[in-house]
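Structure record follows, encoded as structure tokens.
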Number of protein chains: 2
Amino acid sequence: MFTDVDGRALADFPRPSVAVDTALMTVIPATHDTLARLGVLLVRRPPQSVGAAAGWALPGTFLHEGETLAEAVRRSLEVKAGVTGREPQQLHVFDDPARDDRGWVLSVAHLDVLSFVDLELLRKPANSRIVALPSRLRLPYDHLAIIDLATERLRREYRAHPDPRRLLHESFTIADLRAVHEAVAGRELQKDTFRRLMIDELESLPAAAEGRRGRPAQLFGRSARHAE
Amino acid sequence: MFTDVDGRALADFPRPSVAVDTALMTVIPATHDTLARLGVLLVRRPPQSVGAAAGWALPGTFLHEGETLAEAVRRSLEVKAGVTGREPQQLHVFDDPARDDRGWVLSVAHLDVLSFVDLELLRKPANSRIVALPSRLRLPYDHLAIIDLATERLRREYRAHPDPRRLLHESFTIADLRAVHEAVAGRELQKDTFRRLMIDELESLPAAAEGRRGRPAQLFGRSARHAE
DNA sequence: GAAATAGTGTCTGTAAGACACTATCGG
DNA sequence: CCGATAGTGTCTTACAGACACTATTTC
């Protein structure tokens with residue numbers, strides 16, 4: 001039986017193509033009649049794609065030589081959507097040998113997060129769109145599974161700490177923070193419980209929010225201890 | 001500037017070698033003067049290894065064509081240690097382009113778990129050893145980081161559920177279960193709290209443990225609801 | 001009975017969930 | 001004053017941690 005050995009020349013083995021696919025998530029702000037919601041960036045698939053209908057997909061690319069996965073993720077976001085990613089995080093390797101009919105392609109799924117404002121300022125509208133989740137769109141390959149993994153990961157991150165991915169700016173009210181967390185969680189969070197859970201990791205600033213109805217809210221920033 | 005496109009021929013891109021490395025974890029039973037401890041399987045590195053001293057390492061192999069990562073993990077355990085793995089689980093992809101001086105090699109780290117008895121019955125003693133953790137051994141590549149990731153993952157799995165990786169047989173006492181959980185956690189767990197945490201997911205069997213000192217303990221099995 | 005281990009009663013502190021109340025703004 | 005939003009007091013429930021007690025076996 002044939003078994004490989006560490007010392008054997010690497011060139012003797014057929015090698016897979018390695019791709020990255022990224023769920024670039026954001027929180028779509030509330031409008032007058034909808035709450036804030038989680039969203040994901042999709043890019044237009046090139047029409048010359050073989051074996052699959054043109055349409056929308058997560059941004060992805062093949063890993064280049066001498067490149068790390070995180071660099072490939074940032075490059076694919078830059079090239080496909082004009083967006084600069086921040087901290088791509090690995091989710092899972094999809095490895096079904098038959099998952100891509102163009103050949104043997106492993107895909108390393110990633111999560112990255114960007115604020116809606118940054119995303120809208122950077123992205124190329126002709127090539128990309130942001131869809132609210134959950135979406136009824138049909139996506140190719142394992143892209144729906146990637147979005148589910150990304151959502152789950154993000155929810156866990158946001159469960160016990162204030163805006164760990166920094167979707168908000170330096171100062172914000174607890175109501176702002178709660179709206180973001182509710183969008184990520186996909187459900188309403190009780191205001192008193194939420195406040196008590198987060199307050200320990202926030203630092204109150206010597207200012208209050210202006211230009212809103214009702215009692216002005218205290219502004220907060222991330223406390224030094226938890227700002228990382 | 002050169003940018004790849006999905007439809008471009010895959011063969012045009014240089015491809016990395018893809019390896020798997022596995023932390024095959026077990027719980028080393030208690031002896032008369034030591035508590036049960038977490039252990040990991042190491043295999044002897046082939047002497048012809050280039051660029052690194054021969055010694056001990058996690059079992060690993062290169063991914064073969066048409067193979068899934070989990071299959072490669074099982075094959076590497078079989079070939080390198082004579083052991084049949086069960087449910088390899090991905091931990092992380094190590095992707096530093098310079099991490100392996102033999103060339104461009106990505107490594108997908110995995111975790112698998114096997115009971116000590118099964119492991120000792122199967123493994124080839126000349127090629128492999130089981131070391132208790134934490135270990136002071138120097139290991140090549142990212143293998144120490146893999147072991148840390150594996151330990152952390154296993155600890156989370158064992159925090160709130162009875163023996164999810166089935167290191168114990170069908171029936172066991174709560175003391176047996178606690179010994180395993182203490183080995184995984186790396187610290188003592190209080191017996192009353194532990195019992196109350198686990199009891200809901202256990203089913204008491206119509207038998208008691210025999211051949212031990214003191215009051216015989218109730219035997220339990222996994223309750224149907226939580227057996228998965 | 002003594003030693004050893006199994007199993008339980010119960011107190012305390014913490015924290016989530018829930019509800020209702022008070023506080024402070026614009027108009 | 002009213003409407004609106006911010007922020008808090010407090011009750012209930014659950015549960016982890018801790019301690020001490022009872023229970024049942026072997027020797």
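Below, read A as the first sequence line, B as the second, and so on, with proteins coming before strands; counting in each chain starts at 1.
To the nearest angstrom, P of dA23(D) lies 17 Å from CD of Gln218(B). Atom-to-atom, CE of Met198(A) to C1' of dA15(C) comes out at 14 Å; the value is rounded to the nearest Å. Rounded to whole Å, atom P of dA6(D) lies 15 Å from atom CD of Glu210(A). With rounding to whole Å, Ile199(A) atom CD1 is found 13 Å from dA16(C) atom P.
For residues 124-137 of chain B, the pairs satisfying side-chain hydrogen bond (donor to acceptor under 3.5 Å, both in side chains) are Arg123(B)-Ser128(B), with sequence neighbours left out.
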Reading nucleotides 21-27 of chain C from 5' to 3' and marking B where a protein heavy atom lies under 4.0 Å of the base, S where only the sugar-phosphate is that close, and - otherwise, the string is --BBB--

Atom pairs, N/O to N/O, protein against nucleotides 16-18 of chain D, distance under 3.5 Å?
from, atom 1, to, atom 2, distance (Å)
dA18(D), OP2, Gln190(B), OE1, 2.5
dA18(D), N7, Gln190(B), NE2, 3.1
dA18(D), N7, Asp192(B), OD2, 3.3
dA18(D), N6, Arg196(B), NH2, 2.9

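In this structure Thr34(A) satisfies the side-chain hydrogen bond (donor to acceptor under 3.5 Å, both in side chains) test together with Thr31(A), sequence neighbours excluded. Applying the salt bridge (charged side-chain N to carboxylate O under 4.0 Å, His left out) rule to Arg44(A) yields no partners; only residues at least two apart in sequence or on another chain are considered. The salt bridge (charged side-chain N to carboxylate O under 4.0 Å, His left out) check on Glu71(A) picks up nothing, with sequence neighbours excluded. Arg178(A) is linked by a side-chain hydrogen bond (donor to acceptor under 3.5 Å, both in side chains) to Glu182(A), counting only residues two or more places apart in sequence or in another chain. In this view, Asp142(B) and Arg99(B) satisfy the side-chain hydrogen bond (donor to acceptor under 3.5 Å, both in side chains) rule, not counting sequence neighbours. Listed by chain and residue number, Gln89(B), Glu157(B) satisfy the side-chain hydrogen bond (donor to acceptor under 3.5 Å, both in side chains) test with Arg165(B) (two or more places apart in sequence, or in another chain). Here Arg37(A) pairs with nothing under the salt bridge (charged side-chain N to carboxylate O under 4.0 Å, His left out) rule; sequence neighbours left out.
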List the atom pairs, donor and acceptor, that lie under 3.5 Å between side-chain atoms in residues 21-28 of chain A and the rest of the protein, sequence neighbours left out.
from, atom 1, to, atom 2, distance (Å)
Asp21(A), OD2, Ser107(A), OG, 2.7
Thr26(A), OG1, Leu114(A), O, 2.6
Thr26(A), OG1, Phe116(A), N, 2.9

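Within the 4.0 Å cut-off from OP1 or OP2 of dA6(C), not a single side-chain nitrogen or oxygen of Arg195(B) is found.
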Report task. Would you please test Arg222(B) and Asp163(B) for salt bridge (Lys or Arg N to Asp or Glu O under 4.0 Å) and show each step? Result -> CA-CA 9 Å; Arg222(B) 296 169 178 84; Asp163(B) 190 27; 2.8 Å; yes

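Using a 4.0 Å cutoff on non-hydrogen atoms, the parts of residues 171-184 of chain A near DNA chain D are Ala175(A), ordered by number.
Counting non-hydrogen atoms of other residues, nucleotides and ligands closer than 6.0 Å to CD of Glu120(A) gives a total above 12.
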